[in-house]
Amino acid sequence: LSLKFGDVGNLKGLVIRFLLTTSYYELSVQNWFSLHRLQLLYNHSIQATFNATRIYAPASYSYHCEHVSSLQRYDALLIPSSANDLSKLWEVTFIDFQIQGFNVQEGHFAYAKDCASFFSPAILMGLVMSLILLLVLAYALHMLIHLKSLDRHYECKASPAYFAQMKDNDMGDEKEPLRSSGNESYELRNQEFCKIYI
(Lines give C-alpha, C1' and ligand atoms only; values in the text may rest on other atoms or scores of the structure.)
Protein backbone atom coordinates (compact mmCIF):
# COMPACT_ATOMS: atom_id res chain seq x y z
CA LEU A 1 0.00 0.00 0.00
CA SER A 2 1.65 3.25 -1.16
CA LEU A 3 0.80 6.84 -0.25
CA LYS A 4 2.26 9.10 -2.94
CA PHE A 5 2.73 12.75 -1.98
CA GLY A 6 4.78 13.88 -4.98
CA ASP A 7 7.29 16.66 -4.47
CA VAL A 8 7.33 18.06 -0.93
CA GLY A 9 9.90 20.84 -0.54
CA ASN A 10 13.25 19.48 -1.57
CA LEU A 11 11.99 15.88 -1.35
CA LYS A 12 11.28 14.70 -4.86
CA GLY A 13 8.62 12.03 -5.26
CA LEU A 14 7.89 11.40 -1.55
CA VAL A 15 6.19 8.02 -1.03
CA ILE A 16 5.25 6.20 2.18
CA ARG A 17 5.00 2.48 1.47
CA PHE A 18 3.31 -0.05 3.78
CA LEU A 19 4.24 -3.69 3.24
CA LEU A 20 1.34 -5.85 4.43
CA THR A 21 1.23 -9.62 4.76
CA THR A 22 -1.64 -12.02 5.37
CA SER A 23 -1.50 -15.36 7.14
CA TYR A 24 -3.94 -18.07 8.17
CA TYR A 25 -3.95 -19.05 11.85
CA GLU A 26 -5.54 -22.38 12.71
CA LEU A 27 -6.14 -21.37 16.32
CA SER A 28 -8.45 -18.51 15.34
CA VAL A 29 -9.65 -20.26 12.16
CA GLN A 30 -9.32 -17.11 10.06
CA ASN A 31 -6.87 -15.01 8.06
CA TRP A 32 -5.02 -12.17 9.76
CA PHE A 33 -3.14 -9.32 8.15
CA SER A 34 -0.17 -7.54 9.66
CA LEU A 35 1.91 -4.50 8.80
CA HIS A 36 5.33 -5.98 8.24
CA ARG A 37 7.42 -2.96 7.22
CA LEU A 38 7.17 0.75 6.50
CA GLN A 39 9.44 2.41 3.93
CA LEU A 40 10.07 6.09 3.17
CA LEU A 41 11.03 6.77 -0.44
CA TYR A 42 12.10 10.04 -2.00
CA ASN A 43 14.42 11.01 -4.83
CA HIS A 44 13.34 7.67 -6.36
CA SER A 45 15.08 5.50 -3.77
CA ILE A 46 14.37 3.92 -0.37
CA GLN A 47 15.75 6.23 2.28
CA ALA A 48 14.45 4.74 5.55
CA THR A 49 12.91 1.44 6.60
CA PHE A 50 11.04 0.65 9.82
CA ASN A 51 9.93 -2.75 11.06
CA ALA A 52 6.39 -2.70 12.46
CA THR A 53 5.49 -4.56 15.66
CA ARG A 54 2.08 -5.51 17.08
CA ILE A 55 0.18 -3.98 14.15
CA TYR A 56 -2.20 -6.75 13.09
CA ALA A 57 -5.91 -7.53 12.83
CA PRO A 58 -8.23 -10.15 11.30
CA ALA A 59 -8.27 -9.86 7.51
CA SER A 60 -11.93 -8.83 7.53
CA TYR A 61 -11.23 -6.00 10.02
CA SER A 62 -9.22 -2.81 9.95
CA TYR A 63 -6.56 -1.78 12.46
CA HIS A 64 -6.83 1.47 14.42
CA CYS A 65 -4.46 3.15 16.85
CA GLU A 66 -4.29 6.64 18.33
CA HIS A 67 -0.53 6.84 17.70
CA VAL A 68 1.73 4.71 15.53
CA SER A 69 5.20 6.10 15.95
CA SER A 70 8.91 5.44 16.11
CA LEU A 71 9.12 7.49 19.34
CA GLN A 72 9.33 5.82 22.73
CA ARG A 73 6.73 8.13 24.30
CA TYR A 74 4.17 6.64 21.91
CA ASP A 75 5.21 3.04 22.63
CA ALA A 76 7.45 2.80 19.51
CA LEU A 77 5.49 0.45 17.26
CA LEU A 78 7.89 1.36 14.42
CA ILE A 79 11.50 0.25 14.93
CA PRO A 80 14.41 1.17 12.61
CA SER A 81 15.31 -1.94 10.65
CA SER A 82 19.04 -1.36 10.85
CA ALA A 83 21.50 0.92 12.57
CA ASN A 84 23.35 1.35 9.26
CA ASP A 85 20.61 3.08 7.24
CA LEU A 86 19.08 6.53 7.60
CA SER A 87 16.11 5.34 9.69
CA LYS A 88 17.76 6.64 12.87
CA LEU A 89 17.59 10.16 11.44
CA TRP A 90 13.82 10.00 10.99
CA GLU A 91 11.02 10.37 13.52
CA VAL A 92 7.76 9.02 12.13
CA THR A 93 4.42 9.50 13.88
CA PHE A 94 0.94 8.79 12.55
CA ILE A 95 -1.95 10.28 14.55
CA ASP A 96 -5.34 8.53 14.53
CA PHE A 97 -3.87 5.80 12.35
CA GLN A 98 -6.19 3.32 10.63
CA ILE A 99 -5.29 0.79 7.97
CA GLN A 100 -6.93 -2.12 6.18
CA GLY A 101 -5.01 -4.07 3.63
CA PHE A 102 -7.55 -6.59 2.38
CA ASN A 103 -11.29 -7.09 1.85
CA VAL A 104 -12.00 -3.37 1.48
CA GLN A 105 -15.63 -2.88 0.46
CA GLU A 106 -17.05 0.30 -1.10
CA GLY A 107 -14.03 2.34 -0.04
CA HIS A 108 -14.88 2.20 3.69
CA PHE A 109 -12.98 0.77 6.61
CA ALA A 110 -14.39 -2.36 8.20
CA TYR A 111 -14.87 -2.74 11.96
CA ALA A 112 -11.61 -1.68 13.63
CA LYS A 113 -9.47 -3.71 15.98
CA ASP A 114 -8.04 -1.12 18.36
CA CYS A 115 -4.50 -1.18 19.69
CA ALA A 116 -5.59 -0.21 23.21
CA SER A 117 -4.08 -2.57 25.73
CA PHE A 118 -6.27 -4.77 27.89
CA PHE A 119 -4.28 -3.53 30.90
CA SER A 120 -4.78 0.20 30.76
CA PRO A 121 -4.05 2.24 33.93
CA ALA A 122 -7.76 2.42 34.78
CA ILE A 123 -8.16 -1.36 34.48
CA LEU A 124 -5.03 -2.00 36.56
CA MET A 125 -6.31 0.37 39.27
CA GLY A 126 -9.63 -1.45 39.32
CA LEU A 127 -7.86 -4.81 39.67
CA VAL A 128 -5.73 -3.50 42.56
CA MET A 129 -8.82 -2.15 44.38
CA SER A 130 -10.64 -5.46 43.84
CA LEU A 131 -7.68 -7.34 45.29
CA ILE A 132 -7.64 -5.08 48.37
CA LEU A 133 -11.38 -5.58 48.93
CA LEU A 134 -10.96 -9.33 48.50
CA LEU A 135 -8.21 -9.39 51.14
CA VAL A 136 -10.40 -7.41 53.57
CA LEU A 137 -13.28 -9.84 52.98
CA ALA A 138 -11.00 -12.85 53.50
CA TYR A 139 -9.70 -11.36 56.78
CA ALA A 140 -13.26 -10.69 57.98
CA LEU A 141 -14.32 -14.27 57.19
CA HIS A 142 -11.22 -15.58 58.95
CA MET A 143 -12.12 -13.59 62.07
CA LEU A 144 -15.74 -14.81 61.97
CA ILE A 145 -14.69 -18.44 61.66
CA HIS A 146 -12.36 -18.17 64.67
CA LEU A 147 -14.84 -16.23 66.80
CA LYS A 148 -15.45 -18.27 69.98
CA SER A 149 -19.00 -18.90 71.08
CA LEU A 150 -20.17 -17.26 74.30
CA ASP A 151 -21.67 -20.59 75.43
CA ARG A 152 -18.22 -21.87 76.31
CA HIS A 153 -17.62 -18.98 78.72
CA TYR A 154 -20.60 -19.59 80.96
CA GLU A 155 -19.53 -20.63 84.44
CA CYS A 156 -22.20 -21.68 86.88
CA LYS A 157 -21.41 -21.58 90.58
CA ALA A 158 -23.53 -22.31 93.61
CA SER A 159 -23.91 -19.48 96.10
CA PRO A 160 -23.32 -20.67 99.66
CA ALA A 161 -23.98 -17.21 101.06
CA TYR A 162 -27.34 -16.70 99.38
CA PHE A 163 -29.12 -19.84 100.54
CA ALA A 164 -29.46 -21.11 104.09
CA GLN A 165 -27.52 -24.17 105.20
CA MET A 166 -29.25 -27.43 104.43
CA LYS A 167 -29.47 -30.37 106.79
CA ASP A 168 -26.99 -33.16 106.35
CA ASN A 169 -29.65 -35.70 105.55
CA ASP A 170 -31.10 -33.42 102.88
CA MET A 171 -27.79 -32.74 101.06
CA GLY A 172 -28.39 -35.49 98.53
CA ASP A 173 -31.91 -34.34 97.76
CA GLU A 174 -32.43 -31.81 95.07
CA LYS A 175 -35.94 -30.96 96.20
CA GLU A 176 -37.81 -30.82 99.46
CA PRO A 177 -41.55 -31.42 99.75
CA LEU A 178 -43.69 -28.58 101.04
CA ARG A 179 -46.79 -29.48 102.98
CA SER A 180 -49.89 -27.43 102.48
CA SER A 181 -53.59 -28.03 102.39
CA GLY A 182 -53.61 -31.48 100.81
CA ASN A 183 -51.37 -30.50 97.90
CA GLU A 184 -47.77 -31.54 97.60
CA SER A 185 -45.29 -29.17 96.02
CA TYR A 186 -41.49 -29.08 95.85
CA GLU A 187 -38.85 -26.46 96.38
CA LEU A 188 -35.44 -26.74 94.68
CA ARG A 189 -32.67 -26.92 97.28
CA ASN A 190 -29.63 -26.57 95.02
CA GLN A 191 -30.18 -23.27 93.29
CA GLU A 192 -27.45 -21.83 91.18
CA PHE A 193 -26.56 -18.52 89.59
CA CYS A 194 -24.44 -18.00 86.49
CA LYS A 195 -21.70 -15.58 85.58
CA ILE A 196 -20.79 -14.69 81.99
CA TYR A 197 -17.16 -13.93 81.18
CA ILE A 198 -16.49 -11.99 77.97
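The shortest heavy-atom contact between R17 and S2 is CG-OG, 3.8 Å. Looking at every heavy atom in both residues, H146 comes nearest to H142 through ND1-O, 3.0 Å. Nearest heavy-atom pair, Q39 versus T49, reported as atom, atom and distance to 0.1 Å: CG-OG1, 4.0 Å.
Side-chain atoms of D7 come within 3.5 Å of backbone N or O of G13 as a donor-acceptor pair. In this structure a side-chain-to-backbone donor-acceptor pair under 3.5 Å is missing from S81 to F50. Formation of a donor-acceptor pair under 3.5 Å by the S69 side chain with backbone atoms of A76 is not found in this model. Side chain of S62 to main chain of I99: no donor-acceptor pair is present (N/O by atom type, distance under 3.5 Å, no hydrogens or angles). Side-chain atoms of Q98 do not come within 3.5 Å of backbone N or O of A112 as any donor-acceptor pair.
Note that the OH atom of Y24 and the CD atom of Q30 stand 9.0 Å from one another [nearest 0.5 Å].
Below 30°, between 30° and 60°, or above 60°: for Y25 and W32 the angle between ring planes is above 60°, a perpendicular geometry. Between F102 and F33, the ring-plane angle classifies as perpendicular under the 30° and 60° cut-offs. In this pair, Y61 and Y111 present their aromatic rings perpendicular. The plane angle is above 60°, beyond the 30 to 60° band.
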